Amino acid sequence: MQTLDAIIIGSGFSGMYQLYSLRDKLGMTAKVLEAGSGVGGTWFWNRYPGARCDSESHTYMYYFSKEIIQEWEWSERYPQQPEILRYLNFVADKLKLRSDIELDTRMSQAHFDEATNRWHVKTENGKEYNAQYLITAVGCLSSANMPKIKGLSDFKGKWYHTGQWPHEGVDFKGKRVGVIGTGSTGIQAIPVIAASAAHLTVFQRTPNYSLPARNAPLTPEFKKYAKEHADDIRKIMTTNTNGHGFYIEDKSALEVPEDERLKAYEKKWEQGGFQFRALYRDILTSAEANETAAQFIRNKIKQIVKKPEVAELLADIDHPFAAKRPPVDSHYFETYNRDNVSLVDIRKAPIECITANGIKTTEHEYPLDIIVFATGFDAMTGSLVKLDVTGRNGRTLREYWHAGPRTYLGLQIPGFPNMFTITGPGSPSVLCNMPPAIEQHVEWITRCIKHMRDKGLDCVEVPESSGDAWQAEVDAAANATLLPKVKHSWYLGANVPGKPQVFMPYAGGLSHYRDICEEVIQDNYRGFEFHAAR
Ligand code: NA7
């Protein structure tokens, strides 16, 4: 058994920065346990065709290191999966992290020992560790949601989930392909698959708004600008609602005349990306304001898609715009103008089963060679409850969260002392550009641990009352927006049958959340309880 100060689970953006912070800033001993055979987390697994980040590359990176900012160069406005993976490998080398990352090592069990205030951790490959701190860096969208559709084992063709894509890739040439799912992932993969498949059938349950990315190679001028203005860019990312590189305009969609508003939407549509959503402050809070954006996008879909019945199906969206995470696409709607692409409405005629030959809906059987499940993730809690973690009084996380997650600030869970959850439920991360949200969490945790070391404290935990009070804040923040209005959203856990429906992310905005976390520290870690070493 190896004795360490900290065990970190996962080597994506979070785990790598947490390792660097504890090891190199605080001089602690720490190890990252990583189930994959390489670093990168989400970007190690999600290798499906068209996989790309919908945050702009100059903001989808660490900002804690000036050297990394200066040395790394992105090639496109939105980074593709292979480039992000190269970036994370570059960081692992640059910060000399590899010696403390155990690859191909899946944690199988973690148990809190109340006598010593330490975690006892076991891995599937038989390693054992004893550590004061257990820090989960498992990502929010990393546990694949595989729908249980009758007959899958009878299917004679091949099938894949986008989040567990084979590293050798998949050849769609000459194949009849079916894609289930039209979330961000499906919307990215569909145009790329359509370009090589003989025929692509898209099975759509809920139509989706999507914004054009307008991806393009970055110009030398922009690359220079981003490096020279790194401090300004970081300031924007850390003082706005969503962690992106722009502010939300402080203007109501309803206070501008219609022609002016349409021109503004048109301009943002042409510019591409999430800035469309940032045009008016009330798009996510007023149904009326939201409808102005929603209607604009529905009209765009009908203009782009040439076959009226297909356009109608794609634009038949009844939830508010951006109340489900809006995808950003490259030629998604245009793809339906191809002769080799068809759209099936499984809201009207649901999938009955999978047969040996393909997918059978209540109306028709579609013969297929390959089925792609772009069906998303058991978001925010899935990867955490899968970990076999036992806290105080022998209580497991799965038991504790049976009715939905409870955390304090998304950072700690009542009854799980000395355990921190980077981007845990109750934090705003999934509503934001991730890297700045991750940096804030890692830095907060690092400060808390330093505080404990400075004061000779052995154990930090949160009482139930802190978890209850924070969940009330999470609910209130969500209810001030249109987000909980969507019944089938993964923010609520509604995409996974049987999952308790609790609004999971904190919707009060990243900068406000940062302020709360800072106030908590200034107020002597309000809501946390510390115990001195025995
Ligand atoms: P999402 O956004 O959860 O989308 C999943 C899609 O799959 C969505 O269209 C679902 O329809 C559909 N789905 C899920 N289960 C089924 C079943 N059983 N039958 C038919 N269709 C189904 O996941 P993504 O991977 O696209 O994106 C997740 C996040 O990853 C994204 O926001 C980015 O942050 C990165 P539904 O809408 O539930 O009717």
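Every number for a ligand or one of its atoms is a count from 1 in the order of the listing. Being a predicted model, the structure only gives us computed values, none of them experimental.
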Does F13 have its ring centroid less than 6.0 Å away from the ring centroid of Y60? yes
Between Q188 and Y48, is a side-chain hydrogen bond (donor to acceptor under 3.5 Å, both in side chains) present by the stated rule, with each step listed? CA-CA 9 Å; Q188 286 185 342; Y48 60 86; 2.6 Å; yes
Taking the inter-plane angle between the rings of Y336 and Y332 on a 0 to 90° scale, is it parallel (under 30°), tilted (30 to 60°) or perpendicular (over 60°)? perpendicular
Can you list the ligand 1 atoms lying under 4.0 Å from a non-hydrogen atom of T206? 36 (P), 37 (O), 39 (O)
Please work out whether the ring planes of H441 and Y513 are parallel, tilted or perpendicular, with thresholds of 30° and 60°. tilted
Report yes if some heavy atom in the side chain of F274 is under 4.5 Å from a heavy atom in the side chain of V328; otherwise report no. yes
Geometric N/O contact T185 with ligand 1, under 3.5 angstrom: yes
Ligand-residue contact atoms, ligand 1 with I346, heavy atoms, under 4.0 Å: 20 (C)
Residue and atom name of the nearest protein heavy atom (relative to atom 29 (C) of ligand 1), distance in Å to one decimal: L141 CD1, 3.8 Å
Has the side chain of N208 got a donor or acceptor atom that lies under 3.5 Å from a matching backbone atom of S210? no
Taking heavy atoms and a distance under 4.0 Å, where does N208 meet ligand 1: side chain, backbone, both or neither? neither
Looking at G181, which atoms of ligand 1 are within less than 4.0 Å of one of its heavy atoms? 6 (C), 7 (O), 9 (O), 12 (C)
Below 4.0 angstrom from a heavy atom of I180, which ligand 1 atoms are there? Numbered from 1 as shown, please. 20 (C), 21 (N)
Can you name the atoms of ligand 1, numbered from 1 with element, that are less than 4.0 Å from a heavy atom of T182? 6 (C), 8 (C), 9 (O)
Indicate the ring-plane relationship of W269 and F296, choosing parallel, tilted or perpendicular according to the 30° and 60° boundaries. perpendicular
The option among H319, R325, K324, R205 carrying the non-hydrogen atom nearest to atom 17 (C) of ligand 1 is R205
Option whose closest heavy atom lies nearest to atom 6 (C) of ligand 1, chosen from A494, G376, A374, G186: A374
Heavy atom of the protein closest to atom 4 (O) of ligand 1 (residue, atom name, distance): G183 CA, 3.5 Å
Closest to atom 2 (O) of ligand 1 (heavy atoms only, candidates W490, F377, F373) is W490
F321 pairs by ring-ring contact (aromatic ring centres under 6.0 Å, His included) with which of Y280, Y209, Y265? Y209
Which residue and atom name correspond to the protein heavy atom nearest atom 31 (C) of ligand 1, and how close is it? S184 OG, 3.5 Å
Looking only at atom types and distance, does a side-chain atom of T407 sit under 3.5 Å from a main-chain N or O of P425, one as donor and one as acceptor? yes
Ligand 1 to P147, heavy atom cutoff 4.0 Å, flagged ligand atoms 18 (N)
Heavy atom under 4.0 Å from ligand 1: found in F203's side chain, backbone, both, or neither? neither
With a sphere of 6.0 Å drawn around NE2 of H167, does it hold more than 12 non-hydrogen atoms of other residues, nucleotides or ligands? yes
